[in-house]
Amino acid sequence: MRTNQIYFKTPIQRVKMALIDSHGRQINYVRLAVTDRCNLRCTYCMPQHGIDFVRRDDLLSYEEIIRLLKIFKSLEVTKLRITGGEPLVRKDLLPFLKTVTDQGIMPGFHLTTNATLTLPHIQELIDTGLQSVNISLDTLDKQRFIDITRRDHLDDVLASINAFYQLDVPIKLNMVVSKGMNEQDIIPMAEYARHHKIQVRFLEEMPFNGLNEPKSDFMTHHDIKKVLDTHLPDLTPIPFKEGETSQNYQVSGWKGDVGIIASYSRTFCGSCNRLRVTPTGQLKTCLYGKNELSLRTHLRNGSSDKEIAQKIQEAVQKKPVDGFAAEAGRFDTVLESMASIGG
Ligand code: SAM
Ligand code: SF4
């Protein structure tokens with residue numbers, strides 16, 4: 001049974017330092033955004049001209065990240081996802097990841113990527129500890145890919161997906177369903193799972209687009225399900241696992257499956273087990289919440305590992321019960337780009 005109690009080291013007793021929030025959830029998953037820069041300009045994520053990208057000095061250095069990951073390890077965090085911005089645009093990402101796994105700081109890592117730059121690095125990523133890849137792909141139509149991402153890279157993405165697949169890397173394809181933009185791509189994207197053992201997930205669009213006007217019209221998870229049902233009447237729900245964000249469905253005779261992430265409706269918060277670290281080292285205990293703690297400040301001001309671990313414990317204690325409570329606790333509106341948070 002879970003308790004709210006936090007255990008600190010004592011000389012006599014082997015200690016449990018697990019991160020357990022005040023709602024009894026064990027937090028063992030960190031999503032680390034290594035950069036806010038990106039080679040695409042997805043309309044739902046950032047404006048055409050980009051965002052105010054952070055200065056290099058303001059990014060956590062790889063040395064700082066490694067120290068931080070060791071602290072997370074001591075807090076029984078076991079799952080690491082590398083995200084961004086586009087993680088592959090950060091210089092020396094692969095040697096950094098090799099250090100993380102060679103030193104046994106994490107058993108491996110998961111990657112969220114737009115897959116435009118991955119093709120030459122796939123074997124090295126696998127050798128370095130890649131456990132699975134989530135690839136953003138919002139359409140299979142060349143012109144719509146250009147309209148959505150404002151860049152012409154569909155062929156690179158498809159070549160990467162194929163190479164990951166041939167090398168047996170578990171793949172999830174993430175499609176953000178944007179009203180008026182790519183609803184017609186829901187079925188063709190779902191069809192990808194017919195002959196491929198992958199999961200195709202449809203995400204509700206969130207207001208994290210780096211613009212000053214939040215979008216007023218969204219496709220909800222119900223709307224997405226309705227579209228799927230018209231084409232796939234025999235969708236069978238797969239039981240929801242703790243910590244998952246998608247409601248997944250099997251289709252009889254298909255190799256892969258499909259899933260819907262109610263990222264705006266926030267139906268999955270109850271079993272949330274994650275923390276986010278932004279490129280500048282802000283700890284976010286909820287995607288919709290404010291920055292809870294500047295880890296960078298503590299990494300740079302002489303705080304000890306133990307002090308930083310305690311700050312993280314304190315922040316986790318305040319983790320909001322769900323995304324609505326988190327949003328209500330902010331004084332501003334959620335308008336930042338997802339590239340600054342990591343998704
Ligand atoms: N560049 C990588 C990529 O696109 O996969 C990693 C970073 S991206 C910010 C992480 C995830 O956030 C992607 O799956 C992307 O589709 C998703 N995302 C970005 N903006 C979003 C939005 N406004 N609503 C929903 N999902 C969004
Ligand atoms: Fe870049 Fe990913 Fe944002 Fe698209 S969603 S602009 S690929 S960070």
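Along the sequence shown, residues are numbered consecutively beginning with 1. Atoms within a ligand are numbered from 1 in the order they appear, just like the ligands themselves. All values reported here derive from a predicted model rather than from experimental measurement.
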Which part of Val176 is near ligand 1, with near meaning a heavy atom under 4.0 Å away: side chain, backbone, both or neither?
-> side chain
Counting heavy atoms only, which part of Asn134 comes closer than 4.0 Å to ligand 1: side chain, backbone, both or neither?
-> neither
Polar-atom distance check: Glu86 versus ligand 1, any N or O pair below 3.5 Å?
-> yes
Give a yes or no on whether the backbone of Val34 and the side-chain of Arg90 come within a donor-acceptor separation of less than 3.5 Å.
-> yes
Verify, without hydrogens or angle tests, whether Glu292 (side chain) and Gln282 (backbone) share a donor-acceptor contact under 3.5 angstrom.
-> no
Donor on one side chain, acceptor on other, [X] and [Y], under 3.5 Å:
X	Y	value
Asp102	Thr99	no
Asn134	Lys172	no
Tyr288	Asp322	no
Tyr29	Arg31	yes

Using the test salt bridge (charged side-chain N to carboxylate O under 4.0 Å, His left out), find all partners of Glu63 that sit at least two apart in sequence or belong to another chain.
-> none
For ligand 1, which atoms, with element, lie under 4.0 Å from some heavy atom of [X]?
X	value
Thr83	6 (C), 7 (C)
Asn174	14 (O)
Glu204	25 (C)

Any idea which protein heavy atom is nearest [atom], and the distance to it?
atom	value
atom 1 (N) of ligand 1	Gly85 O, 3.0 Å
atom 24 (N) of ligand 1	Met206 N, 2.8 Å
atom 21 (C) of ligand 1	Tyr44 CD1, 3.5 Å
atom 9 (C) of ligand 1	Met338 CG, 3.4 Å

Of Thr113, Thr112, Thr116, which is the lone residue that meets side chain to side chain contact (heavy atoms under 4.5 Å, CB included) with Ile135?
-> Thr113
Met206 and Val176: CA distance, side-chain angles, deciding distance, side chain to side chain contact (heavy atoms under 4.5 Å, CB included) verdict = CA-CA 9 Å; Met206 294 177 264; Val176 176; over 6 Å; no
Side chain to side chain contact (heavy atoms under 4.5 Å, CB included) evaluation trace for Arg144 with Gln184 | CA-CA 10 Å; Arg144 242 177 341 269; Gln184 64 276 54; 3.5 Å; yes
Tally every protein N/O/S atom whose distance to atom 1 (Fe) of ligand 2 is less than 2.8 Å; waters are neither shown nor counted.
-> 1
Atom 10 (C) of ligand 1: which of Gly342, Cys45, Ser136 has the nearest heavy atom?
-> Gly342
